[in-house]
J.: 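Structure provided below as structure tokens; questions to follow.
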Amino acid sequence: MDATGCFGRVALYVSGQLSSPDIEEADVADNDFDVIVIGAGPGGYVAAIRAAQLGLKTACVESRETLGGTCLNVGCIPSKALLHASELFEEANHGTLAKWGVKVGKVELDLEAMHAGRLEAVKGLTGGIEFLFKKNKVTWLKGHAKFTGKDSIDVAGTAYMAKNFVIATGSSVTPLPGVTIDQKRIIDSTGALELDKVPGHMVVVGGGVIGLELGSVWRRLGAKVTVVEFLDQILPGMDGEVRKEANKLFKKQGFDIRTSTKVTKAEAGGENIKLIVEPAKGGDAETIEADVVLVSIGRRPNTEGLDLDKAGIALNKQGQIEVDHDFRTGVAGIYAIGDVTPGPMLAHKAEDEGIAVAEILAGQIGIVNHEVIPSVVYTYPEIAAVGKTEEEAKAEGVEVKVGKFPMIANSRAKTNRDTDGFVKIVADARTDRVLGVHIIASVAGTMIGQAAQAMEFGATSEDIAYTCHAHPTHSEAIKEAAMAVNGKPIHI
Ligand code: FAD
Ligand code: NAI
């Protein structure tokens, strides 16, 4: 803002788009906002909608053709569409339908129709955000934003100013040195959503969330899938017992999982890709041949091309924008949320931060409890967690009590014949307060909601154990695990 309180005309003039006579005629208000959000992913679009709902004049910049960010376009939604479709295919092909008296004829894959289903889901939801922008009077500034100062940005050659900016530019795939992604045979998660035929052999580099979810899709559709993981266990960050169980179950499903192994090179030539792998600690190299290689070794924050230096914002060693409890960067009036900041890279974390930051900007209190952010891996069975793992709690010097309950002893899971997995509750031995809940079960992603809510309310394991749970439900396993914390489950 200049000394006279005007934003826009000064900016237009400075950027050379207006000559001085134009200044008088320019519509100052059009380019001046209370809030400009950069990025329309789950963090950014939610922040923009909430800011507008609270009466702030709001714009959201997005360079993609459609709104919704990574999550709606190439992340959560299309991957879940393919996970759902491939699960139906596998169930019909090799599942338990016949045991339930449901006879099906020859099952065939129509991959084109499966992709059409994925695209329809994406189109519906991204279009929905556009509708919500219009409904809430959020202005969509189409193009790439870069800072020109602390209170000004440029989007496609036009200058805009705002009292506050929220950076919500998200993240992109981390590249693997020595391996060039061509999106045909060496692909990232986006390429893995779009394969036009089922590969004979897919090698997944990185046994994390993307590798296991998208690896599951193509394994169910008929590919042999090998997972090469650098660490000695898949799914880093998850509870140790959950990681072991997941490894066992995925191997049983046919995944070839090579832990403590690193890829040093990928050579694309002829029909196949030749991957050179060796033990993580060093040793003899080995060649694995693959039709398709999926690189899924993590994601990194999107800050390139934002000209953050012009706004005076520095990055931490991980390339992220550091923020305080109220999402403030070090520069007054500039905030950041979602994947571009430290913390788990999850859509719901970004969304909650979007709501909180907008409420703060509107003068309200906006809070996100980062101790209680659930996470779900949408494989079969699903894997879900909230709070601390047993290992984390112990490393912090907390004495814990643990209660476990196997899904095989849960009446609904047993009836449905989906008995893989367990529920594990970690509680503080002194106060009984629940510190973490970890679940492997067919519907773990749905079950984790109640655990997150209980933890948000500061529940003890006794609170959960004495909450009446509907019967027969998978969620009764949470109640029994809570009872097991004090050694008194009924059904084992
Ligand atoms: P993003 O969604 O990345 O959005 C940022 C937006 O900013 C992008 O649209 C980008 O185009 C735009 N942008 C960037 N720079 C600029 C600029 N300078 N100017 C204008 N626009 C810009 N999370 C879950 O919670 N559940 C899941 O099931 C899940 N599945 C996933 C599956 C896959 C395959 C992937 C890749 C991710 C998945 N995630 C999932 C992670 C989730 O997508 C991200 O955590 C989430 O999208 C982050 O939201 P965000 O708003 O911070 O950023
Ligand atoms: P990730 O961090 O989950 O897993 C990456 C894996 O690659 C780790 O196990 C790591 O040890 C391994 N790795 C790293 N370098 C390696 C190397 N050189 N060779 C072999 N292995 C190596 O990252 P991923 O799967 O790429 O996902 C990125 C982010 O997207 C995650 O942080 C996740 O939060 C988010 N996401 C969330 C989903 C969900 O919530 N269901 C689904 C998909 C993604």
Side-chain angles (χ1 to χ4, degrees), residues 37-47 60-80 82-83 126 141-147 153-156 167-174 176-179 188-190 192-193 204-215 227-238 243 258-264 277 280 294-308 336-341 343-351 353-354 373-379 382-384 445:
V37 181
I38 306 176
Y45 85 71
V46 166
C60 184
V61 195
E62 175 54 59
S63 53
R64 236 180 249 275
E65 300 276 298
T66 46
L67 301 171
T70 304
C71 175
L72 268 56
N73 288 283
V74 291
C76 325
I77 297 304
S79 61
K80 265 79 253 178
L82 288 187
L83 278 157
T126 55
L141 305 176
K142 297 185 182 182
H144 183 92
K146 54 184 179 193
F147 281 93
I153 56 167
D154 172 283
V155 181
I167 304 172
T169 47
S171 64
S172 322
V173 174
T174 304
L176 178 61
V179 179
D188 61 19
S189 56
T190 302
L193 293 169
V204 173
V205 187
V209 195
I210 291 181
L212 293 167
E213 286 189 1
L214 293 176
V227 177
V228 179
E229 166 58 48
F230 185 81
L231 300 175
D232 61 354
Q233 282 280 354
I234 56 170
L235 292 171
M238 289 269 174
R243 293 171 80 182
R258 313 256 189 116
T259 49
S260 303
T261 306
K262 66 180 174 194
V263 172
T264 53
V277 301
L294 165 59
V295 177
S296 51
I297 59 164
R299 294 178 61 83
R300 60 182 186 183
N302 288 333
T303 53
E304 245 179 61
L306 261 178
D307 287 354
L308 288 175
I337 57 168
D339 280 12
V340 78
T341 61
M345 289 183 164
L346 295 171
H348 42 280
K349 179 239 184 205
E351 283 186 56
E353 291 180 346
I373 307 275
S375 66
V376 181
V377 187
Y378 295 87
T379 46
E382 293 178 346
I383 303 167

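Values in this document were obtained by computation on a predicted structure and should not be read as measured data. Indexing begins at 1, ligand by ligand and atom by atom, following the structure's order.
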J.: Starting from the C-alpha separation in whole Å, work towards a yes-or-no answer on side chain to side chain contact (heavy atoms under 4.5 Å, CB included) for E304 and T169.
T.: CA-CA 10 Å; E304 245 179 61; T169 47; over 6 Å; no
J.: Mark up the atoms of ligand 1 that fall under 4.0 Å of a heavy atom belonging to G338, in ascending order.
T.: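 Atoms satisfying the 4.0 Å criterion: 52 (O).
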J.: Any idea which protein heavy atom is nearest atom 22 (C) of ligand 1, and the distance to it?
T.: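 Residue, atom and distance for the closest contact: S63 OG, 3.7 Å.
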J.: Examine ligand 1 and decide if any of its atoms is less than 4.0 Å from a heavy atom belonging to V74.
T.: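 So V74 counts as touching ligand 1.
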J.: Among all protein heavy atoms in this structure, tell me which lies nearest to atom 29 (C) of ligand 2, with the distance rounded to 0.1 Å.
T.: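 For this ligand atom, the closest protein heavy atom is R299 CD, 3.8 Å.
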J.: Could you tell me which atoms of ligand 2, counted from 1 in the order shown, lie closer than 4.0 angstrom to a heavy atom of V205?
T.: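 This gives 19 (N), 20 (C) as the contact atoms.
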J.: Does the protein put a heavy atom under 4.0 Å from atom 31 (C) of ligand 2?
T.: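 Flag for atom 31 (C) of ligand 2 set to false, no protein heavy atom closer than 4.0 Å.
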J.: In the protein, which heavy atom is nearest to atom 39 (C) of ligand 2, and how far is it?
T.: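 It is V376 O, 3.4 Å.
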J.: Considering only protein heavy atoms, which is closest to atom 1 (P) of ligand 2, and at what distance to one decimal place?
T.: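 Atom 1 (P) of ligand 2 sits closest to the protein heavy atom G208 CA, 4.1 Å.
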J.: Tell me the nearest of V209, L214, V263 to atom 3 (O) of ligand 2, using heavy-atom distances.
T.: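 Of the listed residues, V209 has the closest heavy atom.
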J.: Could you tell me the separation between the CD1 atom of I297 and the CG atom of L176, rounded to the nearest 0.5 Å?
T.: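 Atom-to-atom, I297:CD1 and L176:CG are 4.5 Å apart.
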J.: With a heavy-atom distance limit of 4.0 Å, tell me whether P78 approaches ligand 1 through its side chain, its backbone, both, or neither.
T.: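 P78 to ligand 1: no contact under 4.0 Å from either part.
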J.: At less than 4.0 angstrom from any non-hydrogen atom of P42, what atoms of ligand 1 do you find?
T.: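 Heavy-atom distances to P42 below 4.0 Å select 2 (O), 46 (C), 47 (O), 49 (O), 51 (O).
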J.: Does ligand 1 have an atom under 4.0 Å from some heavy atom of S171?
T.: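 In this structure, S171 qualifies as a contact of ligand 1 - some heavy atom is under 4.0 Å.
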J.: Where's the contact between A350 and ligand 1, heavy-atom distance under 4.0 Å: side chain, backbone, both or neither?
T.: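 The side chain, only.
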J.: Can you pull out the closest protein heavy atom to atom 21 (N) of ligand 2? Residue, atom name and distance to 0.1 Å, please.
T.: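 That would be F230 N, 3.2 Å.
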J.: How far does OG of S260 sit from CG of L231, to the nearest 0.5 angstrom?
T.: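 Reported value, rounded in 0.5 Å steps: 7.5 Å.
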J.: Using a 4.0 Å cutoff against the non-hydrogen atoms of P236, which atoms of ligand 2 qualify?
T.: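 Listed by number with element: 8 (C), 9 (O).
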J.: Among all protein non-hydrogen atoms, which one is nearest to atom 35 (C) of ligand 1, and what is the separation to 0.1 Å?
T.: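 Nearest neighbour among protein heavy atoms for atom 35 (C) of ligand 1, to 0.1 Å: G75 CA, 3.6 Å.
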J.: To the nearest 0.5 Å, tell me how far L308 CG sits from I167 CD1.
T.: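 Those atoms lie 5.0 Å apart.
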J.: Who's the nearest protein heavy-atom neighbour of atom 24 (C) of ligand 1, and how far?
T.: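 For this ligand atom, the closest protein heavy atom is A347 N, 3.5 Å.
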J.: Rounded to the nearest 0.5 Å, how far does CD1 of I383 lie from OG of S375?
T.: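 Output value for this atom pair is 9.5 Å.
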J.: Considering only the protein, which heavy-atom contact is closest to atom 26 (O) of ligand 2, and what is its distance?
T.: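 The answer is G298 N, 2.9 Å.
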J.: Could you find the nearest protein heavy atom to atom 29 (C) of ligand 1 and give me its residue, atom name and distance?
T.: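 The protein heavy atom lying closest is C76 SG, 3.3 Å.
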J.: Hey, is K349 one of the residues with a heavy atom under 4.0 angstrom from ligand 1?
T.: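 Under 4.0 Å: no for K349.
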J.: Mark up the atoms of ligand 2 that fall under 4.0 Å of a heavy atom belonging to L176, in ascending order.
T.: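 Those of ligand 2 that fall under 4.0 Å from L176 are 18 (N).
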J.: Does an N or O from I210, backbone or side chain, lie closer than 3.5 Å to an N or O of ligand 1?
T.: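 Not met; the criterion fails.
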J.: Which ligand 2 atoms, with their elements, are less than 4.0 angstrom from a heavy-atom of E213?
T.: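 Answer for ligand 2: 39 (C), 41 (N), 42 (C).
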J.: Please identify which atoms of ligand 2 are closer than 4.0 Å to at least one heavy atom of Y378.
T.: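 Every atom of ligand 2 under 4.0 Å from some heavy atom of Y378: 41 (N).
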J.: Out of curiosity, E353 CD to H348 NE2, how far, rounded to the nearest 0.5 Å?
T.: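 One finds 11.0 Å between CD of E353 and NE2 of H348.
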J.: Closest non-hydrogen protein atom to atom 41 (C) of ligand 1, residue and atom name please, with distance?
T.: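 The protein heavy atom lying closest is M345 O, 3.7 Å.
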J.: Show me which atoms of ligand 1 lie under 4.0 Å from any heavy atom of S79.
T.: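 Listed by number with element, the hits are 32 (C).
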J.: Out of K80, R258, E229, E382, whose heavy atom sits nearest atom 11 (O) of ligand 2?
T.: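 The residue whose heavy atom sits nearest atom 11 (O) of ligand 2 is E229.
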J.: How far is atom 25 (O) of ligand 2 from the closest protein heavy atom, and which atom is that?
T.: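 Nearest protein contact, heavy atoms only, for atom 25 (O) of ligand 2 is I210 N, 2.8 Å.
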J.: Hey, is the main chain of V205 close enough, under 3.5 Å, to the side chain of S296 for a donor-acceptor pair?
T.: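 Side chain of S296 to backbone of V205: a pair is present.
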J.: So for ligand 1, is L214 a polar contact partner (N or O within less than 3.5 Å, distance only)?
T.: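 Between L214 and ligand 1 (N or O atoms, distance only) the closest approach is not under 3.5 Å.
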J.: Within the 4.0 Å heavy-atom shell around L231, which atoms of ligand 2 are there?
T.: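 So the atoms of ligand 2 that pass are 11 (O).
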J.: In terms of residue, atom name and distance, what is the protein heavy atom nearest to atom 44 (C) of ligand 1?
T.: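 The protein heavy atom lying closest is D339 OD2, 3.3 Å.
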J.: Please check whether I38 reaches ligand 1 - meaning an N/O of the residue sits under 3.5 Å from an N/O of the ligand, judged on distance alone.
T.: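 Among all N and O atoms of I38, none is under 3.5 Å from an N or O of ligand 1.
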J.: Tell me the nearest of S375, C76, S296, G206 to atom 5 (C) of ligand 2, using heavy-atom distances.
T.: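 Answer by nearest heavy atom: S296.
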J.: Under 4.0 Å from any heavy atom of C71, which atoms of ligand 1 are there?
T.: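 So the atoms of ligand 1 that pass are 2 (O), 43 (O), 47 (O).
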J.: Please report which non-hydrogen protein atom sits nearest to atom 14 (C) of ligand 2, along with the residue it belongs to and the distance in Å to one decimal place.
T.: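 Result for atom 14 (C) of ligand 2: I297 CB, 3.6 Å.
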J.: Step through the shown structure and confirm whether more than 12 heavy atoms of other residues, nucleotides or ligands are within 6.0 Å of NZ on K146.
T.: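 12 or below, so no.
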J.: Under 4.0 Å, heavy-atom basis, I'd like to know which part of S189 is in contact with ligand 1: side chain, backbone, both or neither.
T.: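 Just the side chain.
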J.: For atom 14 (C) of ligand 1, what's the nearest protein heavy-atom neighbour? Residue, atom name and distance, please.
T.: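 Here the nearest protein heavy atom works out to T169 O, 3.3 Å.
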J.: Roughly how far, to the nearest 0.5 Å, is the OG atom of S79 from the CD atom of E213?
T.: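 Atom-to-atom, E213:CD and S79:OG are 5.5 Å apart.
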J.: Does R243 use its side chain to pair, donor to acceptor, with the backbone of I234 at less than 3.5 Å?
T.: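 It does hold such a pair.
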J.: Going by the atom numbers of ligand 1, which of them fall below 4.0 Å from some non-hydrogen atom of K80?
T.: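 Listed by number with element: 27 (C), 28 (O), 29 (C), 30 (N).
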J.: So, 4.0 Å and heavy atoms of P344: is ligand 2 close enough to count as a contact?
T.: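 P344: no contact with ligand 2 (<4.0 Å).
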J.: May I ask you to list the atoms of ligand 1 that are less than 4.0 angstrom from any heavy atom of R299?
T.: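 Matching atoms, with element in brackets: 36 (C).
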J.: At less than 4.0 angstrom from any non-hydrogen atom of M345, what atoms of ligand 2 do you find?
T.: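 Atoms satisfying the 4.0 Å criterion: 32 (O), 33 (C), 34 (O), 35 (C).
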J.: If we only count N/O pairs under 3.5 Å, is R64 in contact with ligand 1?
T.: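 N/O-N/O distance under 3.5 Å: yes.
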J.: Is there a donor-acceptor contact under 3.5 Å from the side chain of T190 to the main chain of V74?
T.: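 Between the backbone of V74 and the side chain of T190 there is no qualifying donor-acceptor contact (under 3.5 Å).
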J.: Would you mind listing which atoms of ligand 1 come within a distance below 4.0 Å of any non-hydrogen atom of G43?
T.: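 The list of qualifying atoms is 51 (O).
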J.: Give me the nearest non-hydrogen protein atom to atom 11 (O) of ligand 1 as residue plus atom name, then the distance to 0.1 Å.
T.: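 Here the closest protein heavy atom is E62 OE2, 2.7 Å.
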J.: Please find the pair of heavy atoms, one from S189 and one from R299, that lie closest to each other, and give the distance.
T.: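 Scanning both residues, the minimum pair turns out to be OG-NH1, 4.4 Å.
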J.: If the cut-off is 4.0 Å to any non-hydrogen atom of G143, which atoms of ligand 1 fall inside it?
T.: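 This gives 19 (N), 20 (C) as the contact atoms.
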J.: Any idea which part of T70 is under 4.0 Å from ligand 1, heavy-atom wise: side chain, backbone, both or neither?
T.: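 Both parts.
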J.: Would you say the side-chain atoms of N73 and T126 include a donor-acceptor pair closer than 3.5 Å?
T.: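 No, T126 and N73 have no side-chain donor paired with an acceptor closer than 3.5 Å.
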J.: Give the atoms of ligand 2, by number and element, whose distance to some non-hydrogen atom of V228 is under 4.0 Å.
T.: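 Near V228, meaning under 4.0 Å from one of its heavy atoms, ligand 2 has 20 (C), 21 (N).
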